[in-house]
2 protein chains.
Amino acid sequence: MARNKNEPKLALTRERILDEAVAFADVHGVDALVMRKLAEQLGAGTMSLYNHVANKDEMIEGMVDVVSGEIDHPADGDEWRSAMRASAASAHAVLVSHKWAAAEWTRRRPGPNRLRYMDAILRTLTEAGLRPEVVYHGYHAITMHIVGFTIQELGYLDMPIGVDLEDLAAGFLGGLETSNMPHLAQHVRDHAGDDDHGDEFSWLLDLILDGLERSSRA
Amino acid sequence: MARNKNEPKLALTRERILDEAVAFADVHGVDALVMRKLAEQLGAGTMSLYNHVANKDEMIEGMVDVVSGEIDHPADGDEWRSAMRASAASAHAVLVSHKWAAAEWTRRRPGPNRLRYMDAILRTLTEAGLRPEVVYHGYHAITMHIVGFTIQELGYLDMPIGVDLEDLAAGFLGGLETSNMPHLAQHVRDHAGDDDHGDEFSWLLDLILDGLERSSRA
DNA sequence: ACCTGAACACCGTTCAAGT
DNA sequence: ACCTGAACACCGTTCAAGT
């Protein structure tokens with residue numbers, strides 16, 4: 001998908017680089033993200049990128065922060081649990097739409113957008129009147145749920161498209177049945193009948209939110 | 001740390017390769033794991049490794065499965081929550097002792113040891129008499145907690161050793177204070193006074209286990 | 001069946017030279 | 001201040017040749 005050669009050459013900026021890199025990773029995955037190819041995509045020399053990003057790692061940090069910027073913060077006026085549910089749903093949707101991002105999220109340092117998002121969650125929990133220890137633990141529980149759940153879910157979703165899922169599952173199941181893992185075989189079968197991951201995401205989130213509420217009032 | 005040259009050359013096996021690779025990653029991280037260096041460590045030619053592993057990715061899958069094999073399964077006779085707590089604590093300890101493993105866990109296909117572990121957790125939940133939907137969701141919640149929590153925790157622990165943590169935290173905090181993120185600044189301060197991650201791990205696990213119990217009886 | 005060095009393809013990044 | 005091609009260092013893996 002080469003850029004239109006008649007178009008006047010756009011100035012190379014950090015923002016353009018990050019946006020193009022995110023778009024590329026969305027389609028091909030981060031593993032396929034290569035500096036030479038990215039530069040080509042932008043109609044620039046490879047080394048020009050390094051005038052705007054320090055190196056590839058720092059660039060990926062920037063990409064994660066671009067994604068962080070797409071997440072809706074919990075709304076101010078709402079009851080704290082509805083506000084958290086809405087924001088978590090937004091974060092979940094954003095991470096699902098950038099499938100590479102959840103895994104990077106866990107191992108990159110937070111940039112400005114993500115720091116602001118962290119602060120907004122902590123503010124919501126604090127202003128809900130939860131006890132300080134519950135705010136502290138609850139923050140970890142909630143953020144862990146958002147990215148941990150999404151990573152697990154994407155592991156299942158990330159099957160190559162062309163494959164016959166029936167065959168794949170059948171073969172996998174056959175192996176399990178014959179190797180004395182009946183409960184795992186049942187679980188895999190259950191997965192086949194359940195594609196509404198959004199539902200499970202909020203079911204577990206509610207479990208956590210209600211637990212926090214209960215433990216803070218106790 | 002070269003191998004003793006007087007020692008008779010040990011036969012190269014898949015098991016020896018995986019063990020050495022795990023030990024290497026424990027010390028230097030997976031990013032530093034390089035086929036040439038690993039072969040050297042084993043006193044073999046680089047290409048000899050490929051007689052026992054298909055390629056580097058498949059080798060890392062094998063490494064994760066070696067780690068999976070170190071985890072204690074939930075014990076049969078115990079009350080289901082105590083059994084799960086003990087097994088989760090074991091998994092947590094194992095993942096902490098192989099700091100690279102949690103991140104790989106989320107993006108590698110499960111090998112035999114991990115499949116057995118998955119089956120054991122599902123069996124425990126099923127035999128506890130929980131409703132099938134609660135087993136299904138609960139399995140995801142528990143496994144998500146174990147690896148998700150550990151990944152987050154290691155992100156904090158993974159600071160380079162030589163650095164002055166006081167200075168680092170102070171500089172980081174300063175930036176936060178002046179950039180209108182008081183709640184995040186407070187949270188970072190709270191982290192400084194809390195190094196007992198094991199406690200928080202079980203606190204959140206209990207929140208989940210109790211929530212499952214309650215929701216299954218409802 | 002297992003071992004291995006040479007060679008290849010690929011990729012991040014340094015350098016020196018441009019504007 | 002920004003751009004860039006050539007070159008270097010590094011690394012996974014193929015190949016062909018050994019035992």
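No hydrogens, no waters, no symmetry mates; every other heavy atom, side chains included, goes into these values. Quick caveat: nothing in here was measured; it's all calculated off a predicted structure. Order of the sequence lines sets the chain letters (A, B, ...), proteins ahead of strands, with each chain counted from 1.
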Aromatic plane relationship, B:Phe24 with B:His28 - under 30° parallel, 30 to 60° tilted, over 60° perpendicular: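 Rings of B:His28 and B:Phe24: tilted, as their planes differ by 30° to 60°.
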[X] has a side chain; which of [options] sits nearest to it?
{"X": "B:Asn51", "options": "D:dC3, C:dT13, C:dC2", "result": "C:dC2"}
{"X": "A:Val34", "options": "D:dG12, C:dG12, C:dT4", "result": "C:dG12"}
{"X": "A:Ser48", "options": "C:dC3, C:dA6, D:dC3", "result": "D:dC3"}
{"X": "A:Leu12", "options": "D:dT4, D:dG12, D:dC3", "result": "D:dC3"}

Rounded to whole Å, how long is the line connecting atom [atom1] of [X] with atom [atom2] of [N]?
{"X": "B:Met35", "N": "D:dT14", "atom1": "CE", "atom2": "C1'", "answer": "14 Å"}
{"X": "B:Lys56", "N": "C:dC10", "atom1": "NZ", "atom2": "P", "answer": "18 Å"}
{"X": "A:Asp57", "N": "C:dT13", "atom1": "CG", "atom2": "C1'", "answer": "12 Å"}
{"X": "B:Arg16", "N": "C:dC2", "atom1": "CZ", "atom2": "P", "answer": "15 Å"}
{"X": "A:Glu58", "N": "C:dT13", "atom1": "CD", "atom2": "C1'", "answer": "14 Å"}
{"X": "B:Ile17", "N": "C:dT4", "atom1": "CD1", "atom2": "C1'", "answer": "14 Å"}
{"X": "B:Met59", "N": "D:dC11", "atom1": "CE", "atom2": "C1'", "answer": "13 Å"}
{"X": "B:Met47", "N": "D:dA16", "atom1": "CE", "atom2": "P", "answer": "15 Å"}

Short N-O contact, B:Arg108 and B:Asp65, less than 4.0 angstrom: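 Here B:Arg108 does not pair with B:Asp65 in a salt bridge, since their nearest N and O are not under 4.0 Å apart.
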Salt-bridge present (A:Arg14, A:Glu58; N to O < 4.0 Å):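 Judged by the 4.0 Å cut-off on N to carboxylate O distance, A:Arg14 and A:Glu58 do form a salt bridge.
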Charged tip of B:Arg114 within 45° of B:Trp105 ring normal and under 6.0 Å: yes
A:Tyr50 or A:Arg36, whichever maps to the more 5' nucleotide of DNA chain D: A:Tyr50
D:dG18 - base-pair partner by Watson-Crick or wobble geometry, distances under 3.5 Å: C:dC2
Counter-base of C:dG12, judged by Watson-Crick or G-U geometry with both distances under 3.5 Å: D:dC8
Backbone N/O of B:Ile146 and side chain of B:Thr150: donor-acceptor pair under 3.5 Å: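 Side chain of B:Thr150 to backbone of B:Ile146: a pair is present.
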Sugar-phosphate, base or nothing in reach of A:Leu33, heavy atoms under 4.0 Å: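 Answer is sugar-phosphate: A:Leu33 comes under 4.0 Å of backbone atoms only.
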